[in-house]
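Report on one structure; see the data block that follows.
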Amino acid sequence: MDSSRIRRLLAEEIAASTARNPRSRDAYGRAQHLFGRVPMTWMNKNAGAFPLYLESARGARVQDIDGHEYIDFCLGDTGAMAGHSPAPVAEAVDLRFREKGGATAMLPTEDAEWVGAELTRRFGLPRWSFSLTATDANRWAIRLARAVTDRPKILVNSYSYHGSVDESLIVVGPDGRSTSRPGNVGAPCDVTLTSRAAEFNDLDGLERELAHGDVAAVLMEPALTNIGIVLPEPGYLEGVRELTRRHGTLLINDETHTFSAGPGGCTRAWGLDPDILTIGKAIGGGIPSGAYGLSQQLADRLLDRADLDLVDMGGVGGTLAGNALSVAAMRATLEHVLTDEAFARMCALSERFEDGVRKGIESYGLPWSVSRLGARTEYRFAAPAPRTGTESAACADADLEDFLHLWMANRGVLMTPFHNMALMCPDTTEADVDTHTALFAQALAALAG
Ligand code: PMP
């Protein structure tokens with residue numbers, strides 16, 4: 001594709017976005033007391049000159065402060081996979097916070113056992129503990145894995161993302177050796193002291209790293225979802241399980257995004273058998289929530305260890321983790337919103353979305369690919385689809401991505417700012433998907449000239 005043409009089209013969309021959103025532009029201009037002008041620095045990841053400001057959101061729809069409505073396929077990068085403010089969650093939150101009171105009282109509620117049992121039904125692991133973010137679920141899972149194995153290191157896949165977890169900011173460098181992820185902010189030490197990296201879909205590379213005998217756990221997504229979707233090749237996940245067992249390394253499945261694969265994530269859909277499972281974002285229906293599940297054997301071994309302070313300041317836990325409000329929201333989400341039936345509908349819509357994108361790509365003969373993981377679809381500027389994180393990172397094209405995001409946003413469709421990712425929620429409709437398909441085809445026509 002002609003890069004000067006992409007840049008010209010992108011400039012036109014930036015100008016259109018600026019003209020279309022004067023209130024968002026002014027709000028951003030006035031934000032003098034925020035670090036980077038935004039509530040969180042990643043909100044500066046925008047295709048346009050400023051972020052769109054949220055007015056309201058319900059189900060699969062978002063309204064901005066300039067009065068525009070959007071079909072939302074971003075869904076808070078999975079935080080709102082249950083749809084925005086689903087009624088059962090709103091009622092549960094209202095009941096807990098306003099009617100009964102007691103969002104955070106340092107006392108358990110009976111909802112927690114219900115949620116634990118439901119997570120067991122879905123994911124198989126029998127013992128659960130809660131956090132408020134997926135990052136913390138991963139942090140605490142890592143600590144438990146190190147404690148129980150008495151090994152210092154964690155292995156992650158190159159260009160995976162597991163939150164702002166120190167140990168996970170590592171990639172496989174051009175020389176094949178593990179090295180700090182580019183841009184790693186304020187690492188506490190050289191990350192190769194705490195971590196190793198392998199490429200997704202590379203069992204030989206994984207075995208080489210595990211052979212050092214110092215890896216407490218492999219922390220992985222069963223499919224990469226933060227560098228496009230990179231799906232596992234046949235035999236890869238079975239191989240990971242076999243190698244981790246052989247080398248005495250625990251396996252942690254991070255299902256925070258791969259939950260899109262179905263009601264029990266990839267773990268249930270593909271019959272996986274991790275020692276620990278972590279999850280966050282979607283399970284709270286918009287209220288901060290996270291969880292980690294442990295195998296029976298691991299839970300027993302940990303609870304038997306009198307030397308580990310699991311109760312006070314030993315490094316696992318947070319004051320508000322497992323609070324009554326968060327747990328009530330998880331229960332409502334799992335019981336009434338992200339149900340087995342909802343997943344069946346969401347996955348069918350995602351297939352429709354994938355078909356639409358594939359037809360667009362084929363009709364222009366583009367060297368792009370589209371991958372789907374249940375209710376999540378993503379296209380990538382490479383064909384065939386990349387098979388490792390490093391390959392996928394190499395086919396990024398910032399201008400092209402920004403153009404497509406802005407093209408969509410200027411016409412009422414939101415995509416996830418960090419990817420070309422679209423997620424379905426229980427309120428998404430076939431018409432919403434078809435709107436995207438039509439706009440995507442028009443964008444390709446504009447690019448083709
Ligand atoms: N794990 C995965 C797979 C994620 O994609 C993310 C965030 N995108 C996280 C963990 C961290 O989630 P949070 O930022 O909500 O802690």
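We count ligands from 1, going down the list as the structure has it; atoms in each ligand are counted the same way.
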Contacts satisfying side-chain hydrogen bond (donor to acceptor under 3.5 Å, both in side chains) that involve residues 313-327 (not counting sequence neighbours) are Ser289-Ser326

Residues passing the ring pair (Phe, Tyr, Trp, His ring centres under 6.0 Å) test with Phe440, sequence neighbours excluded, are Tyr379, His436

**Validation row, ring centre Tyr161 to ring centre Phe418 under 6.0 Å** = no

Ligand-protein N/O pairs under 3.5 Å (ligand 1):
| from | atom 1 | to | atom 2 | distance (Å) |
| --- | --- | --- | --- | --- |
| ligand 1 | 1 (N) | Asp254 | OD1 | 3.4 |
| ligand 1 | 1 (N) | Asp254 | OD2 | 2.6 |
| ligand 1 | 5 (O) | Asn226 | ND2 | 2.9 |
| ligand 1 | 5 (O) | His257 | ND1 | 3.3 |
| ligand 1 | 5 (O) | His257 | NE2 | 3.2 |
| ligand 1 | 8 (N) | Lys281 | NZ | 2.8 |
| ligand 1 | 16 (O) | Ala134 | N | 3.4 |
| ligand 1 | 16 (O) | Thr135 | N | 2.8 |
| ligand 1 | 16 (O) | Thr135 | OG1 | 2.6 |

Practice task
In plain terms, say whether Asp340 and Arg345 are close enough for a salt bridge, that is, a side-chain N and a carboxylate O under 4.0 Å apart.
Solution key: no

Minimum side-chain heavy-atom gap Cys395-Arg380 below 4.5 Å
yes

List the atom pairs, donor and acceptor, that lie under 3.5 Å between side-chain atoms in residues 183-190 and the rest of the protein, sequence neighbours left out.
| from | atom 1 | to | atom 2 | distance (Å) |
| --- | --- | --- | --- | --- |
| Asn184 | ND2 | Ser180 | OG | 3.2 |
| Asp190 | OD1 | Thr192 | N | 2.9 |
| Asp190 | OD1 | Thr192 | OG1 | 2.9 |
| Asp190 | OD2 | Thr192 | OG1 | 3.1 |

